[in-house]
Amino acid sequence: VEMEPAYFSPENQPDRLQSLKAPKDELYVPVVEDMLWHRISERYVGKVIPETGLCVSVVGDLISYSNSVVRGGDGSSWTTVTFDVVVLRPAVHERIRAKILRQTEKGIYLSVELFDNIFVPSHQLLQPSVFNAATGVWNLQITEEHPTTGETIVTGVNEYITHDEVLVAVTDVDVRAAVDHVGAGSSSAGGASTDVMTIYGTFSDTGLGPCAWYE
């Protein structure tokens, strides 16, 4: 973990602490563990850790940390830290309650509170589903057999409505392998942007799809 010189600067303390009328030994002064915990949370929480999953939170106290080493000419210190995290990486067949984010001819993208790259490809929608290019919306066709001719006829449609709640079953989770993040930009510090992880899902099972259809 890298900690810039600003973390150790006296000017980094909030001004309000200087104005408190309390004994100096009672004022809170961040210790190394606090600064490391803050830096780790800043670096990992809300980002995808390659080969692991989306980091949701850092759990409890730090397990251990090494002596710090100053590298380069900017005065930053580097510390090896061992810690526990909670990650989002659902298992295959696990069911997730999500919301429809957007729709394309390739399928439907879903989102949960912390993650917005859940994809249900067109062949995993309830069938027969047809994409309406004019409205940009998928429709599940309601069909029945014509009593005379025996042909299948469409008697109605159910729309997949953007922002509606759905229940989706996970078919695969793709988390890219670790890469060299040094100098790769702000989105890849520590972990990476959420683009490095995609959750694939299906509506093709009992009780799956838009929740409103089953109410």
Side-chain angles (χ1 to χ4, degrees), residues 1-92 94-99 101 109-119 170 172-200:
V1 175
E2 178 187 12
M3 289 198 295
E4 294 78 4
Y7 277 86
F8 307 99
S9 172
E11 289 82 15
N12 197 39
Q13 303 302 320
D15 293 338
R16 63 182 182 83
L17 291 181
Q18 310 303 327
S19 63
L20 291 176
K21 295 180 179 180
K24 187 175 181 180
D25 59 357
E26 293 183 10
L27 293 176
Y28 170 72
V29 178
V31 295
V32 173
E33 290 89 344
D34 296 330
M35 291 186 284
L36 288 171
W37 197 93
H38 176 270
R39 189 68 181 96
I40 289 168
S41 297
E42 183 180 60
R43 184 174 182 136
Y44 288 98
V45 174
K47 299 180 177 69
V48 174
I49 301 175
E51 299 182 281
T52 303
L54 176 69
C55 180
V56 177
S57 68
V58 179
V59 182
D61 298 329
L62 304 180
I63 297 173
S64 65
Y65 59 91
S66 68
N67 292 327
S68 298
V69 177
V70 176
R71 298 177 183 172
D74 60 359
S76 295
S77 70
W78 291 82
T79 310
T80 300
V81 185
T82 303
F83 55 96
D84 288 326
V85 295
V86 174
V87 297
L88 171 66
R89 182 170 181 167
V92 174
E94 186 174 344
R95 295 189 172 197
I96 300 175
R97 192 175 291 270
K99 291 187 176 181
L101 179 66
Y109 290 86
L110 312 176
S111 68
V112 293
E113 185 175 351
L114 298 173
F115 189 72
D116 60 3
N117 202 24
I118 304 172
F119 181 57
V170 176
D172 190 21
V173 180
D174 179 22
V175 184
R176 285 205 330 230
V179 295
D180 180 11
H181 296 297
V182 178
S186 59
S187 66
S188 51
S193 69
T194 53
D195 293 336
V196 303
M197 182 170 94
T198 302
I199 298 173
Y200 295 94

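It should be emphasised that the depicted structure is a prediction, and the values quoted were computed from it without experimental measurement.
Taking each heavy atom of A98 and S111 in turn, the nearest pair found is CB-O, 3.3 Å. Nearest heavy atoms, I96 versus P90: CD1-CG, 3.8 Å. Here the closest heavy-atom approach between residue G53 and residue V87 is recorded as C-CB, 4.4 Å. Heavy-atom minimum distance, L88 versus V56: N-CG2, 3.9 Å.
Y109 OH to T198 OG1: the interatomic distance, rounded to the nearest 0.5 Å, is 8.0 Å. Considering CD1 of I118 and NZ of K99, their distance stands at 13.0 Å, rounded to 0.5 Å. Put simply, CG on D174 and CE on M197 are 10.0 Å apart, with the number rounded to the nearest 0.5 Å. Rounding to the nearest 0.5 Å places CD1 of I40 at 10.0 Å from SG of C55. Distance check: E51 CD to R89 CZ gives 8.5 Å after rounding to the nearest 0.5 Å. Taken from OG in S57 to CG in D84, the straight-line distance is 10.0 Å, to the nearest 0.5 Å.
For E33, the side chain to side chain donor-acceptor pair (under 3.5 Å) test picks out Y65, with sequence neighbours left out. R97 is linked by a side chain to side chain donor-acceptor pair (under 3.5 Å) to E165, counting only residues two or more places apart in sequence or in another chain.
Side-chain contact between W37 and L62: present, with at least one pair of heavy atoms (C-beta onward) separated by less than 4.5 Å. Contact annotation: the side chain of V85 never approaches that of Y44 to less than 4.5 Å [non-hydrogen atoms, C-beta and beyond]. Taking the side chain as every heavy atom from C-beta outward, L110 and L101 never approach each other to under 4.5 Å.
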For this session: Could you go through the side-chain contact (heavy atoms from CB on, under 4.5 Å) check for T52 and V175 one step at a time?
Result: CA-CA 7 Å; T52 303; V175 184; 5.9 Å; no
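Judged by distance alone, with hydrogens and angles left aside, the side-chain atoms of S66 form a donor-acceptor pair with the main-chain N or O of T80 at under 3.5 Å. Looking at K47, its side chain does come within 3.5 Å of a backbone N or O of E42 through a donor-acceptor pair.
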